[in-house]
Amino acid sequence: MRACACVTEHRQTDRQTASWEKVSTSVKGAGAVATIIALSVVYSQEKAKNNPTSPTDAPATDAPATDAPTTDTPTVTTPAPSNEPWDKYRLPKSLVPEHYNVTLWPRLTPDETGLYVFTGDSSVQFNCTEDTDLILIHSNKLNYFKHAGHLAVLTSVSPGVEAPAIRSSWLQPETQYLVLQLHSKLLKNHRYQLWTNFTGELADDLGGFYRSEYMEDGQKKVVATTQMQPTDARKAFPCFDEPAMKAFFDITLIHDRGTVALSNGREKESTNVTRDGWEVQQTVFETTEKMSTYLLAFIVSEFGYIGNMTDNVLIRIFARKPAIDAGQGDYALNKTGTILKFFEQYYSSEYPLPKSDQIALPDFNAGAMENWGLITYRETALLYDEKFSSNGNKERIATIIAHELAHMWFGNLVTLRWWNDLWLNEGFASYVEYLGAHEAEPDWNVKDLIVLNDVHRVFAVDALASSHPLSSREVDIQKPAQISELFDAISYSKGASVLRMLSDFLTEDVFKEGLKTYLKEFAFGNAVYTDLWKHLQTAVDANASAVGLKDSVEDIMNTWVLQMGFPVVTINTTTGALSQKHFLLDPDSIVTALSPYNYEWIVPIRWMMNGAKPQEPYWLRKKSATHDAMKTSQWLLANLDVVGYYRVNYDDENWNRLVDALNTDHKVIPVINRAQLVDDTFNLARAKIIPTVLALRTTEYLNKERDYMPWSSAIGNLDFFYLMFDRSEVYGPMQKYLQRKVTDLFYHYGNLTDTWKTVPDKHMDQYNQVNAISLACRTGLDECQTLVKNWFKQWMTSKKNTIHANLRSTVYCNAIAAGGAEEWQFAWEQFENATIASEAEKLRSALACTKQPWLLNRYLEYTLDPDRIRKQDATSTIVYIANNVVGQPLAWDFVRDRWSYIFSEYGGGSFSFSNLINGVTKRFSTEFELKQLKQFKEENSDVGFGSGTLAVDQSIERTIANMKWIADNKQSVLEWFHSAVNR
Ligand SMILES: *[C@@H]1O[C@H](CO)[C@@H](O)[C@H](O)[C@H]1NC(C)=O
Ligand SMILES: *[C@@H]1O[C@H](CO)[C@@H](O)[C@H](O)[C@H]1NC(C)=O
Ligand SMILES: [Zn+2]
């Protein structure tokens, strides 16, 4: 799965927002559950009313009151915290599924009670590996029809063996089981079959079998689709819903005639049939490969598609018909074949399936999901439109496709045994997505961007005392909520970062060799992460002379995988002494988590001295060591290209030499390391390891810098300065300083684009052009402001938008900030009429940029009006407003005043309170604000803060830390900016 990236345009400049989106995904899923339980109770009661007769036909329900079976039952009502097998979240190992036959019929129009439902029947054949009189199979929110008083029918498949009679059957909602107790035992080494038929709600809850809606030609259209990962296949049909319970699946979908049905396998046959008096179509799919339940997908839609055959693989892109007709699927279709071929070579393994479908859905919670053979995407992650999509949108599409295709082998063909190893699955795909995207777009240098998007991004999280190790113990990950929590930045971005480091020190050839044998051994099966280490070790041993490792792969990787955080390596060039220390952003924070390695890492250090670099990395294995070659009076730079997952500090003399190198001839330092010098120094300063003014000195050379990565790094880090100082006397000199730095860059892009008429050729230049305009306008450069105002004015008068898609976010924001009610109203109307999600997204964030308090207040009101701002967008809109210095106090007052309303109205749904609270308070840095915050906590203690509980305390802590930081730094920073602008 790939996390949602709803705000791609801001990713380069606003990491806060990017991480916000990642976090929000898991919360959404959790919140939706409560609503649906209520609905399904209502639904089954309604259903019972319509169906009052035949006892075998009445669906049972998972509402506790009715789930007690009719006869012969121990009275199971509310399970005491007992130790019964059905109170445990993991399946017993006694039954192993082999083959399912599943037929599902989603109704795309509501039934007489107004609900959307699906019906289905399913049989599963399983092998008994241990005698047992108990069957546990996952089931969630499904209502079963009874047969002979029971929720399922059990038969034997082994000749001459009778199936035991069912003693009792019921649903266990907490652990999400259908439970069957038998009169006698199922026998070891015999096969049985369990058959059920059932109904479920096709809700708009983005999980399991759900519905998505959109408008086409003024008509509402409904799509039935699925999102099973991690634990929602059980919401579509009863199944042994654990990744190691792989089986073959025969899927049949019943659907309205003329609609398109898709699943993991190819369509085998599609015929017109009559079912329950309805004239429908029945599509049967080819049997799948042996696979995990979480990778299943079922979709019924009225979509169109484009496709081709690439080396015997059928490749198709599905989307809303108008989107396909407009050519929005062409880019994805063009690149998919290339990327698939790349991974076949990378893994030395053929694509395991006969087809690869990819489909863009109007409502989709994550960014994309790697269902085997039928990958689902958010529209913005698959559909490309030359006119509306920025180059960032395009890069996102290429990398997400690569991420999902990488999973077709790593994850789908070979699956991790349990969710505790999720980090390897997601970290791996998040690393190789850059390799796949590079193959699709070799001119972009996209591989470099992992440093900004993953390494630096996750450093921010992993430097907190509250972080956690990559690897979790199997026993600690039991409940669905615990599984969902694992889909975080640590799993994705730290996983990707340490695997990139591993591939680098093993060399890519050895890394690929190990992968190849790993995939071969475990194909169609399951593995644990140490299995990969074993195969890599074998590859290392076969190439010992080429790699020359002193430690085993496992010993090295354990230090990165089994303990949280990362080191700051200090190199003293006066003595050649090296040391390492757990890097903590807040030096006063207390680490309570114990580490098996005592927060020491085995660190590969690639380095460079005055332009010359040794072939082999230096290995720092202990707390400290001395390497005479690093004793020097020349500049020395460590962690080349930030391939290592650590920060670097030096002695003062070397810092001075590095800053001098930047100022005299910055290109002697590789571009990724220029970004590193900025990011490392700003963070070392936050951690009080070096003075803040040293960090500021790494920005002095920026007027000569033309590259994207260093600029982005600087802008990201200076964002904190804006937050702390944009209401203080530091603001003036800081603005003046930054304007001086960015002016040359601004004119550089003016020249490069024939006075803004064309687009720079290079991908990174296109990004940096946006940086140049954003910062030039932000720091008040007249020419920039005039430029964007005129563009916007032209759009308003001519009603034709000629602003290039790359620049829209920043142009809209700056024009609305400089304008008044007229500009705002125009943008609002454009937002309301936008037919393309990415365009609406750009406008929604830009509307928060106005400096007019009354407009901001009105916009805040709109956020709680679902007819104006979709519920799922409410939090991020309030946070956008709070990012604006004028909007911040208004947003804070708004949230305080409306807290109990917000809490009750949005508490159950997709609303993330932690993002909201962190967002409106992140600027807090005064005694007064701290007092208000504490008061807010006190006054609302009866209402509560839900998913924002931790965030309230974190905000108090952060406010105190900010106050301390300002007290420590304000004077020196002010003086530094003063003297810098007077130099
Ligand atoms: C199935 O029914 C639809 C609509 O009634 C019709 O257009 C189509 O030709 C039928 N297909 C077959 C194979 O009979
Ligand atoms: C580097 O070593 C010198 C000489 O021992 C010492 O004075 C200095 O404090 C050291 N600097 C750092 C950053 O460790
Ligand atoms: Zn993934």
Side-chain angles (χ1 to χ4, degrees), residues 1-5 22 25 227-230 243 254-261 267 269-275 278-284 292 294-295 302 343 365-372 375-378 381 399-412 415-416 419 421-434 436 454 486-489 491-493 495-496 499 568-581 623-628 630-633 636 638 648-658 681 684 688-691 694:
M1 188 153 53
R2 196 67 172 84
C4 155
K22 282 227 172 180
T25 351
Q227 167 62 39
M228 307 306 199
Q229 194 189 28
I254 311 289
H255 51 107
D256 289 344
R257 291 188 182 172
T259 58
V260 182
E267 303 89 294
E269 53 172 346
S270 202
T271 47
N272 285 340
V273 295
T274 306
R275 279 279 187 118
W278 295 86
E279 301 205 324
V280 290
Q281 195 172 338
Q282 167 175 299
T283 301
V284 182
S292 306
Y294 81 88
L295 295 169
E302 294 179 46
F343 281 122
N365 203 7
M369 175 63 211
E370 69 266 23
N371 315 299
W372 216 9
I375 306 173
T376 43
Y377 293 83
R378 191 174 265 261
T399 51
I400 295 193
I401 290 176
H403 179 107
E404 303 309 332
L405 293 180
H407 276 311
M408 298 299 112
W409 291 259
F410 202 102
N412 298 8
T415 309
L416 275 320
W419 297 108
D421 282 346
L422 180 83
W423 72 270
L424 183 60
N425 192 25
E426 291 306 346
F428 185 87
S430 301
Y431 165 49
V432 301
E433 69 181 52
Y434 290 96
D454 292 287
L486 292 175
F487 290 82
D488 69 354
S491 292
Y492 282 80
S493 293
L499 290 168
V568 48
V569 170
T570 301
I571 300 176
N572 193 334
T573 59
T574 329
T575 59
L578 293 100
S579 61
Q580 58 166 304
K581 186 168 175 270
K623 195 131 242 169
S624 57
T626 302
H627 188 49
D628 286 335
M630 289 185 183
K631 189 171 161 184
T632 176
S633 54
L636 183 145
V648 190
N649 181 31
Y650 306 95
D651 56 302
D652 294 346
E653 287 70 25
N654 194 56
W655 275 125
N656 289 334
R657 291 193 292 268
L658 285 168
T681 50
L684 291 170
K688 298 194 185 146
I689 294 171
I690 61 169
L694 174 54

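Atom set for the values below is all heavy atoms of this structure, side chains included, hydrogens, waters and symmetry mates excluded. Numbering of ligands and ligand atoms starts at 1, following listing order.
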Inset, instruction - Report the C-alpha distance between Thr283 and Ser270 in whole Å, list the side-chain angles of each, state the deciding distance to 0.1 Å, and finish with yes or no for side-chain hydrogen bond (donor to acceptor under 3.5 Å, both in side chains). - result: CA-CA 4 Å; Thr283 301; Ser270 202; 2.7 Å; yes
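Here the NE2-CD distance, from His403 to Glu370, works out to 6.0 Å after rounding to the nearest 0.5 Å. Here the CG-OG1 distance, from Asn654 to Thr632, works out to 8.0 Å after rounding to the nearest 0.5 Å. Atom-to-atom distance recorded for Met630:CE and Leu636:CG is 6.0 Å, nearest 0.5 angstrom. Note that CH2 of Trp419 and OH of Tyr294 are 5.0 Å apart. Values are rounded to the nearest 0.5 Å.
Enumerated by chain and number, the residues approaching ligand 2 to less than 4.0 Å through a heavy atom are Asn572, Thr575, Asp651.
Take the N/O/S atoms of Glu426: the one nearest the Zn ion (ligand 3) is OE1.
Between the side chains of Asp256 and Trp278, not a single donor N or O lies within less than 3.5 Å of an accepting N or O.
Taking the Zn ion (ligand 3) as the corner point, the angle from Met1 atom N to His403 atom NE2 is about 140° (rounded to 10 degrees).
Looking at every heavy atom in both residues, Ala381 comes nearest to Gly367 through CB-O, 3.7 Å.
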